[in-house]
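The block underneath contains the structure these notes are about, expressed in structure tokens.
Values below: every heavy atom of this structure, side chains too, minus hydrogens, waters and symmetry copies. Just follow the structure's listing: the first ligand is 1, and inside any ligand the first atom is 1.
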Amino acid sequence: MDKLVIEGGTRLAGEVEVSGAKNSALPVLCAAILSAEPLTVTNVPRLQDVATTAKLLTTMGASVERAADHTMVLDCARLDRLEAPYDLVRTMRASILVLGPMVARFGRARVSLPGGCAIGQRPVDLHIKGLQALGAEISIEHGYLEARVERPGGGTRLRGAPIFMDLVSVTGTENLMMAATLAEGTTVIQNAAREPEVVELAHCLNAMGARISGAGESEVTIEGVERLHRADWRIMPDRIEAGTFLAAAAATRGELLMRGANPSHLTAVLDKLREAGARIEVSGDTIALSMPTRARAVNLRTAPYPGFATDMQAQLMALDCVAEGTSTIVETIFENRFMHALEMKRMGAQIEIDGNTAVVTGVPQLDGAAVMATDLRASASLIIAALAARGETVIDRIYHLDRGYEAIERKLSGLGAKIRRTR
Ligand code: UD1
């Protein structure tokens with residue numbers, strides 16, 4: 001299994017370019033299922049999760065071509081296997097995003113239940129309830145979710161309906177929004193997720209001929225149409241990748257010029273980094289950060305967008321580990337998302353955990369150690385801790401990292417980090 005070896009203690013300095021967003025690419029690629037005409041997607045990041053989605057679509061009968069380095073052409077004219085098998089879903093929970101589009105276009109779908117994952121239970125009850133409200137019948141058989149639409153007078157089209165989401169769910173909102181695009185009549189999703197990735201998906205769907213309004217607000221209205229058509233779509237910059245590099249630069253007291261970002265998606269993170277003492281200047285799609293002194297500890301509480309993203313919690317914890325003072329971090333989205341803290345403690349971090357609250361007392365210096373990555377963002381946070389530490393850190397199980405960060409070693413090496421991959 002691949003490992004990363006990092007020799008810490010170097011200040012990151014230089015320029016870095018942000019890649020396309022994983023969490024935007026995955027739903028957009030799945031949106032191709034909704035149409036019999038091709039969808040051309042540019043700025044697609046080269047990531048394991050993208051490869052898994054492409055494999056899932058090809059298994060279903062789609063044609064997926066990598067037209068150029070970051071361009072994909074998806075043609076779902078002839079889907080003949082309306083199923084997401086366990087082997088693929090268990091490696092990537094976001095596979096559930098094929099459910100809504102399949103039911104909407106074909107009136108049936110079979111998707112393996114995702115099961116638990118390292119950061120929590122992550123049920124899909126809201127996806128199911130929403131599709132039921134739109135007229136799908138759903139049963140669970142042999143670990144698979146079977147969905148079917150049978151209208152009384154014949155026909156397999158979903159029916160628009162009001163949907164209230166008990167909890168704010170990103171992929172839940174995306175799945176239901178996609179399903180509703182082809183329903184008969186109007187759907188109103190209340191308590192919808194407001195994440196930029198949801199907004200981008202709505203714009204992509206509208207480019208395909210859907211009629212969605214209100215995305216980015218908590219009430220989204222979708223007027224169903226009969227079919228969607230061909231479109232071209234460019235994936236937005238990855239705000240979590242951007243935030244990760246900014247946090248890494250801050251933790252190493254470095255100096256970074258980031259290009260190709262969307263700073264308006266990063267307000268909560270930039271705010272915290274400024275509070276920690278970083279000097280940040282934003283101009284168009286570039287963000288310049290410098291950290292002249294040791295960081296000050298910052299408290300944070302994760303929340304749905306525009307609150308502080310749970311996907312940035314681990315990286316900011318790494319910064320707090322080497323900051324001056326004590327901070328309190330509250331994780332409100334997932335019930336088991338502090339596993340990185342146990343690994344950071346092996347590097348000398350002082351962290352006390354009580355339920356969903358972590359209290360971090362900064363130390364002047366972490367020490368390199370052998371640690372294990374438990375999930376995608378935990379891997380990123382361990383890299384940050386390792387870059388700021390004295391001596392060598394070996395991070396095991398970094399396959400998580402390849403799911404969500406494009407060329408991370410190359411990008412970090414370009415900033416002066418001493419990082420290499422071994423087996
Ligand atoms: C998405 C992101 C992930 C991010 C998360 C929260 C993608 C591909 N992944 O995941 O990176 O960490 O949003 O911002 O975009 N829940 C239920 N029932 C459901 C659905 C969700 O109880 O049917 C709960 C979850 O367990 C969790 C909370 O709702 O506690 C939010 O989860 P959700 O927003 O759905 O996360 P994902 O969409 O899976």
Is there a polar contact, in the sense of an N or O pair closer than 3.5 Å, between N23 and ligand 1? yes

Would you please say whether a donor-acceptor pair under 3.5 Å links the side chains of S139 and E146? no

Does atom CD (E275) have a neighbourhood of more than 12 heavy atoms from anything else shown, all under 6.0 Å? yes

With the threshold set at under 4.0 angstrom, would you say E197 reaches ligand 1 through any of its heavy atoms? no

Enumerate the atoms of ligand 1 whose separation from the nearest heavy atom of H127 is less than 4.0 angstrom. 23 (O)

Any idea which atoms of ligand 1 are less than 4.0 Å away from a heavy-atom of L126? 18 (N), 19 (C), 20 (C), 23 (O)

Please say which of D238, D311, D49 ends up in a salt bridge (charged side-chain N to carboxylate O under 4.0 Å, His left out) with K22. D49

If I apply the N/O under 3.5 Å rule, does T171 come out as touching ligand 1? yes

Just to be sure I read this right, does ligand 1 sit under 4.0 Å from the backbone of T310, its side chain, both, or neither, counting only heavy atoms? side chain

E174 N/O to ligand 1 N/O under 3.5 Å: no

Ligand 1 to L26 polar contact by distance, N or O atoms, under 3.5 Å: no

Just go through S169, A193, P114, P123 and tell me whose heavy atom is the nearest to atom 22 (O) of ligand 1. P123

Decide yes or no for R397 and S379: does some side-chain heavy atom of the first lie under 4.5 Å from some side-chain heavy atom of the second? no

Q132 atom CD, over 12 foreign heavy atoms within 6.0 Å: yes

Quick test of your reading of the model: are K411 and E17 salt-bridged, counting only N-O distances below 4.0 Å? no

Would you say R337 touches ligand 1, if touching means a heavy atom closer than 4.0 Å? yes

Ligand 1 and V170, any nitrogen or oxygen pair closer than 3.5 angstrom? yes

Run down the list I333, I240, T53 and name the one with the heavy atom closest to atom 27 (C) of ligand 1. I333

I want to check a possible cation-pi pair here: R108 against F106, using under 6.0 Å from ring centre and within 45° of the ring axis as the test. no

Looking only at distances, please establish whether an N/O atom of ligand 1 is found under 3.5 Å from an N/O atom of D125. yes

Within a distance under 4.0 Å of any heavy atom of V168, pick out the atoms of ligand 1 and give their elements. 31 (C), 34 (O)

Would you sort out whether Y305 and E197 count as a side-chain contact (heavy atoms from CB on, under 4.5 Å), showing the intermediate values? CA-CA 10 Å; Y305 193 84; E197 293 77 8; over 6 Å; no

The atoms of ligand 1 lying under 4.0 Å from a heavy atom of V124, numbered in the order shown, are 19 (C), 23 (O)

With no hydrogens and no angle check, just 3.5 Å: does a side-chain donor-acceptor pair link Q350 and T361? no

Pairwise side-chain contact, R110 with E141, heavy-atom cut-off 4.5 Å (strictly under): no

Against heavy atoms of L167, which atoms of ligand 1 measure under 4.0 Å? 17 (C), 22 (O), 24 (C), 29 (O)

Is it true that, when you exclude E65 itself, more than 12 heavy atoms of the residues, nucleotides or ligands shown sit nearer than 6.0 Å to its CD? no

Kindly confirm or rule out an N or O of D311 lying under 3.5 angstrom from an N or O of ligand 1. yes

